[in-house]
Amino acid sequence: MWFMRQAGRSLPEYRRVRADVPMLEACARPDMIVEITMQPVRRYEVDAAIYFSDIVVPLKAIGVDLDIKSGVGPVVAEPIRDLDAIKRLRDLEPDDIPFVTEAVGELVGELADRPLIGFAGGPFTLASYLIEGGPSKNHEHTKAMMYGEPDVWAELMQRLSAITLEFLRVQVAAGASAVQLFDSWVGALSPEDYRAGVLPYTKWIFAKLGELNVPRIHFGVGTGELLGLLGEAGADVVGVDWRVPLDRAAQRVQAGTALQGNLDPATLFAPWEVVAERTRDVLSRARAAEGHIFNLGHGVLPTTDPDMLARLTDFVHQETAR
């Protein structure tokens, strides 16, 4: 088990370290990457660490003018909405992100036998930030390009897929034991739109990652209707948010696919008896899957009590050891 967004946000030691440091600066400093990645590992007996980063880090590394604004999220200075702008997105090179290689190397040494999971944003989510200029509820400009300018969309997705793949390759080359592709907003699509406009690119990414012989996790929010397609893309593990019970999710993915998830993060604000009961239910339903990584159904919420996460970690290990 491990927790999405376990590195940061809810931890007081994280807030102290990040107090005067902008997010993208923290993601480019090896000392901070190592410290923030290790903080939850020191607090909880989780079975893996997740590399501390942000999905827009590789875009920043190739020169996209963007920032992460508090309370808003990634904001792009000049949204990319035509072919000329897309063609200015260059490939990501290892020399663009030397801090990744350095930080992963240090983490692997410090973690010893505990695996480090590499991390990258999925191409649809990256595309949405670039096209919309920031977070969007409706993704109207993004969908307009996907529906109305398929050739332009294909060019953008090809470039973003190559950038994503290289970002993950660098992490694996430096010692990451597994990778997670986190396509935050892809749940905004219908299965038909995902199959036509996203699946070819995620399939290519996972096929290339398959050459590296590391486990591959695929996660998106609100993807209950897409779970089969997320698995079809080539992931070994499909992450499931809290909206779909794991026994039902197991029926939606291909044979041989493990599941990750899926306790509702808001459950951790309820009394412990409720947390324990709902955790047992998740574990019970997970028996229908061909493998299970216990996790939340999305990231740790910022005001979560770290002691509750520690207690949950111990509880899951006790329950699954029986």
Side-chain angles (χ1 to χ4, degrees), residues 1-11 40-41 43-50 114-115 117 178 180-187 191 215-232 235-322:
M1 68 173 296
W2 63 282
F3 300 115
M4 285 184 283
R5 291 185 184 155
Q6 70 186 14
R9 303 219 307 175
S10 66
L11 298 179
V41 176
R43 268 199 182 249
Y44 320 128
E45 285 301 316
V46 287
D47 298 312
I50 177 75
R114 200 178 316 229
I117 301 171
Q180 171 161 289
L181 188 67
F182 192 102
D183 217 345
S184 316
W185 304 130
V186 79
R216 299 156 296 175
I217 307 169
H218 198 185
F219 178 78
V221 184
T223 52
E225 296 301 319
L226 303 179
L227 292 176
L229 291 167
L230 297 185
E232 187 179 327
D236 303 293
V237 183
V238 170
V240 185
D241 73 16
W242 68 93
R243 296 171 178 86
V244 180
L246 289 182
D247 51 350
R248 196 172 305 162
Q251 299 170 358
R252 299 184 183 183
V253 298
Q254 289 79 3
T257 304
L259 299 180
Q260 176 178 279
N262 71 339
L263 184 70
D264 186 340
T267 305
L268 297 174
F269 294 83
W272 170 250
E273 294 73 19
V274 176
V275 176
E277 178 185 358
R278 287 176 171 256
T279 299
R280 286 194 189 98
D281 183 64
V282 169
L283 294 172
S284 175
R285 293 177 184 275
R287 295 192 188 104
E290 295 193 44
H292 179 225
I293 300 169
F294 184 90
N295 210 311
L296 303 181
H298 195 196
V300 174
L301 297 172
T303 54
T304 304
D305 181 357
D307 291 338
M308 183 65 86
L309 286 168
R311 189 172 184 181
L312 175 61
T313 305
D314 292 342
F315 181 75
V316 170
H317 284 144
Q318 290 165 9
E319 289 291 306
T320 56
R322 294 178 180 175

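Note that the coordinates shown come from a computational prediction; the quantities given were computed from them, not determined experimentally.
Of the inter-residue distances, the one linking Q180 atom CD with I293 atom CD1 reads 8.5 Å to the nearest 0.5 angstrom. Atom CD of E290 is separated from atom CD of Q254 by 10.5 Å, given to the nearest 0.5 angstrom. The distance from atom CG of D247 to atom CZ of R287, rounded to the nearest 0.5 Å, is 11.0 Å.
Side chains of D236 and H218: no donor on one and acceptor on the other come within 3.5 Å.
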Next on the checklist: Evaluate T320 against L283 for side chain to side chain contact (heavy atoms under 4.5 Å, CB included), listing each step before the verdict.
Outcome noted: CA-CA 8 Å; T320 56; L283 294 172; 3.9 Å; yes

Next on the checklist: The test is side chain to side chain contact (heavy atoms under 4.5 Å, CB included); show your working for W242 and T267 and say whether it passes.
Outcome noted: CA-CA 10 Å; W242 68 93; T267 305; over 6 Å; no

Next on the checklist: Applying salt bridge (charged side-chain N to carboxylate O under 4.0 Å, His left out) to D307 and R311, what does each step give before you reach the verdict?
Outcome noted: CA-CA 6 Å; D307 291 338; R311 189 172 184 181; over 6 Å; no

Item to check | Verdict with reasoning, F315 to W272, per ring-ring contact (aromatic ring centres under 6.0 Å, His included) | outcome: CA-CA 11 Å; F315 181 75; W272 170 250; 5.4 Å; yes

Item to check | H317 and D47: CA distance, side-chain angles, deciding distance, side chain to side chain contact (heavy atoms under 4.5 Å, CB included) verdict | outcome: CA-CA 10 Å; H317 284 144; D47 298 312; 2.9 Å; yes

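Of the listed residues (T304, L312, L263), just one forms a side-chain contact (heavy atoms from CB on, under 4.5 Å) with F3, and that residue is L312.
In this structure the side chain of V46 reaches within 4.5 angstrom of the side chain of Q6, judged on heavy atoms. Taking the side chain as every heavy atom from C-beta outward, V282 and L246 approach each other to under 4.5 Å. Counting only heavy atoms from C-beta outward, the side chains of L268 and V275 approach each other to under 4.5 Å. F182 places a side-chain heavy atom less than 4.5 Å from the side chain of M4. The side-chain heavy atoms of T313 and M1, taken from C-beta on, include a pair separated by under 4.5 Å. Residues H298 and F219 have side chains in contact (heavy-atom distance under 4.5 Å, counting atoms from C-beta outward). Contact annotation: the side chain of Q260 never approaches that of V240 to less than 4.5 Å [non-hydrogen atoms, C-beta and beyond]. Side-chain contact between R252 and V244 is present, with heavy atoms from C-beta onward closer than 4.5 Å.
Heavy atoms of other residues, nucleotides or ligands lying less than 6.0 angstrom from CH2 of W2 number more than 12. Remark: E45 CD is loosely packed, at most 12 non-hydrogen atoms of other residues, nucleotides or ligands lying under 6.0 Å away. Atom CZ of R43 has more than 12 neighbouring heavy atoms from other residues, nucleotides or ligands inside a 6.0 Å radius.
In this structure a side-chain-to-backbone donor-acceptor pair under 3.5 Å is missing from S284 to R280. Here the side chain of D241 pairs a donor or acceptor atom with the backbone of G222 at under 3.5 angstrom. The backbone N or O of V253 sits nowhere less than 3.5 Å from a side-chain atom of T257 that would complete a donor-acceptor pair.
The shortest heavy-atom contact between V300 and R9 is O-NH2, 2.7 Å. Taking every heavy atom of both residues into account, P191 and L229 meet most closely at O-CD1, 3.5 Å. Taking each heavy atom of A7 and P40 in turn, the nearest pair found is CA-CG, 3.7 Å. Between S10 and P306, the shortest heavy-atom distance links the atoms O-CG, 3.5 Å. Considering every non-hydrogen atom in both M308 and A270, the closest pair reads CE-O, 3.7 Å. Closest approach of L226 and G187 over heavy atoms only: CD1-CA, 4.2 Å.
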